[in-house]
Amino acid sequence: PVSHGKPGRAKQQKQQALNNNKNRARTNLGGSFGSPSSFRSSDPPPAALLHTFSLHDARIRSNHAVIIPYAVETGCRSRRQRSVHGSSANQGLLPSTPRCPPGSTSTAYGAGRPLHQTVHPMLKKLFKSFRSPLRRAPRPRSTPEVLSSSQHPLKRNEISRHAISVVERLQKAGYQAYLVGGCVRDLLLDIDPKDFDVATSATPEQVRAEFRNARVIGRRFKLVHVHFGREIIEVATFRANHPQGEEEENSNQAARHESGRILRDNVYGTLEDDAQRRDFTINALYYDPTQEHILDYARGMHDVRNHLVRLIGDPEQRYLEDPVRMLRAVRFAAKLDFDIEKHSAAPIRRLAPMLRDIPSARLFDEVLKLFLAGYAEYTFDLLIEHDLFAQLFPASGEALKRNPEYTEKLIRQALINTDDRIHDGKSVTPAFLFAALLWPALPARVLQLQSKGMPPIPAMQEAAHELIAEQCQRIAV
Ligand code: ATP
Ligand code: MG
């Protein structure tokens, strides 16, 4: 009901989203979360809910509002132009699958006979090899494309000296080590990285042995935090895909739910393995600050240039392994103003209910990353578009169906407000965010209780209590 309105409205919303989220100066989020003071909605502020919340002291390490440099490398293109370009990427380079003549169907080609009866097998093979790369998942590469310092814009001096010192120290100790993930991707797009992640051939114990200031953390995904004052460099050992069947069952390192969801992900591997098990192609670029090379195993540079969020491997399988990747796809699409490549987008609506199986504490972290990074309003649109919002906030999803205008207006205003505060360097609080997201579900509950004879104030308190209790089942507020 939100983003599928009239075309004029959708366009206006998109423009509004771009104005709110994209064309602003980069601002660091200063300070800790304080109390919200400037909720400007004409609707009543969700004070009752806010009051009823008992929130953990949630903190995000750091956040950046993001400016997207439209003019980087690919030239100044609008979002619309880019999506056209994105969806037809490479069509000029590679011939696409042969088209049927007008009036015929894809299976009836020529004289009404199926393709396999009219086209020589050799030709079929040829056509197959010419298929547009968008029709299939990128092939795993065992040798990377190597970009030397003159072929990419990354500069050593843009990178945290602590991150470089971690990489150099590990390399000197004889291990492979690279900067990887969001920091490489963001630097390529001229965005200040949120944090610096290192991937290495050293095991967590070997990494810890190299640094006095290091701690091994995590169980599902073991990694090492190397502390430098307030800065933490996250060091992960190269992972491989999971062994199948019995081998996996007998392993302490790997565990998989019968749905395919990965429960424990500590199977170590080579650099090549590590590249294939990362989520998106744009997140699988490795930078070696010593040689100043970028290694690209998954055509990530191609997707950075074409502004596409594309899963590595078979999208359905990758979402089944970890449904949170659906939220990450939306998060990166909103943050970078990229399109989700169509095969990566296609299964999301169908698989969205898989989010129910994700531990509520992990979803809480993800929701904060989605909504407290300076582009919440646009993220909300994308979550609605991909049927993910109601999975995170079931009661608010119901309210959107029942009373779309009121619900959307209230949530959107709260998110615009949150984005504005972040862009202005003001503090934001998860309590306000959750209160605002849940508020629209409250009136119907209150009325329901009142209709059973409960007086208004107790009905309000009871309804708020019920809503929060239900929400906590999904997200550990
Ligand atoms: P940012 O830090 O800006 O939010 P990021 O891409 O660095 O973005 P992180 O959550 O810090 O995201 O993860 C670091 C890297 O680890 C990612 O870039 C990706 O390569 C890999 N990664 C993280 N989560 C997953 C996941 N669920 N599945 C596969 N790979 C993942
Ligand atoms: Mg990161």
Side-chain angles (χ1 to χ4, degrees), residues 1-3 13 17 20-21 33 35-36 38-56 58 60 63 326-327 330-331 334 352 355-356 358 360-422 427-446 460 463-477:
V2 176
S3 56
Q13 280 174 2
N20 280 322
N21 300 324
F33 297 118
S35 63
S38 58
F39 182 66
R40 286 195 303 262
S41 166
S42 50
D43 295 293
L49 258 190
L50 193 60
H51 186 71
T52 324
F53 264 90
S54 76
L55 282 150
H56 297 307
I60 294 186
N63 278 283
M326 295 186 273
L327 298 178
V330 162
R331 178 155 74 84
L355 284 173
R356 279 187 212 143
I358 301 300
S360 55
R362 187 166 177 221
L363 281 188
F364 179 69
D365 289 345
E366 288 303 322
V367 164
L368 294 191
K369 288 184 199 164
L370 282 165
F371 288 112
L372 297 183
Y375 37 85
E377 190 201 1
Y378 186 45
T379 301
F380 172 64
D381 286 338
L382 290 182
L383 288 173
I384 295 283
E385 185 183 328
H386 294 281
D387 274 1
L388 291 164
F389 182 76
Q391 296 300 329
L392 298 172
F393 296 94
S396 313
E398 277 300 309
L400 264 174
K401 276 194 212 150
R402 225 179 16 243
N403 198 350
E405 228 173 276
Y406 166 77
T407 306
E408 187 200 332
K409 188 178 165 204
L410 186 64
I411 291 180
R412 190 173 293 284
Q413 187 55 52
L415 297 179
I416 290 172
N417 203 252
T418 303
D419 286 344
D420 285 348
R421 290 185 64 83
I422 290 170
S427 59
V428 286
T429 161
F432 169 75
L433 178 75
F434 279 92
L437 288 170
L438 289 178
W439 178 260
L442 197 66
R445 298 281 177 118
V446 176
M460 176 74 120
H465 181 76
E466 274 179 18
L467 260 182
I468 293 163
E470 275 171 34
Q471 184 60 43
C472 284
Q473 307 267 313
R474 194 58 59 92
I475 298 175
V477 181

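Bear in mind that the values here come from a model prediction, so they are computed numbers and not experimental data. Values reported hereafter were calculated over all heavy atoms of this structure, with side chains retained and with hydrogens, waters and symmetry mates removed.
One finds the CG atom of Leu363 at 12.0 Å from the CZ atom of Arg356 (value rounded to the nearest 0.5 Å). Between Arg421 atom CZ and Thr429 atom OG1 the span is 9.5 Å, to the nearest 0.5 Å. For the atom pair CD1 (Ile475) and CD (Glu470), the distance works out to 13.0 Å, reported to the nearest 0.5 Å. Glu366 CD to Ile358 CD1: the interatomic distance, rounded to the nearest 0.5 Å, is 9.5 Å. Interatomic distance, NE2 of His386 versus CD of Gln391, reported as 14.0 Å (0.5 Å rounding).
The shortest heavy-atom contact between Pro443 and Tyr406 is CG-OH, 4.1 Å.
With sequence neighbours left out, the side chain to side chain contact (heavy atoms under 4.5 Å, CB included) criterion links Pro394 to Gln471, Arg474. Evaluation of the salt bridge (Lys or Arg N to Asp or Glu O under 4.0 Å) rule for Arg402 yields no partner, not counting sequence neighbours.
Using a 4.5 Å heavy-atom cutoff, the side chains of Leu437 and Leu392 are not in contact. Counting only heavy atoms from C-beta outward, the side chains of Ile411 and Pro440 approach each other to under 4.5 Å.
When Phe364, Trp439, Phe371 are each tested for a ring-ring contact (aromatic ring centres under 6.0 Å, His included) with Phe434, only one passes: Phe364.
A donor-acceptor distance shorter than 3.5 angstrom exists from the side chain of Thr407 to the backbone of Ala399, with no hydrogens or angles considered. Not a single donor-acceptor pair under 3.5 Å links the side chain of Asp387 to the backbone N or O of Ala352. Panel note: side chain Arg331, backbone Leu370; no donor-acceptor pair is recorded below 3.5 Å.
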* To do: Under the side chain to side chain contact (heavy atoms under 4.5 Å, CB included) rule, what do Leu433 and Val428 come out as? Steps first, then yes or no, please.
  => CA-CA 8 Å; Leu433 178 75; Val428 286; over 6 Å; no
* Please walk me through it: do Val446 and Leu442 pass side chain to side chain contact (heavy atoms under 4.5 Å, CB included)? -> CA-CA 6 Å; Val446 176; Leu442 197 66; 4.0 Å; yes
* Stepwise side chain to side chain contact (heavy atoms under 4.5 Å, CB included) test for Leu382 and Leu388 -> CA-CA 8 Å; Leu382 290 182; Leu388 291 164; over 6 Å; no
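Remark: aromatic rings of Phe393 and Phe380 are distant, center separation not under 6.0 Å.
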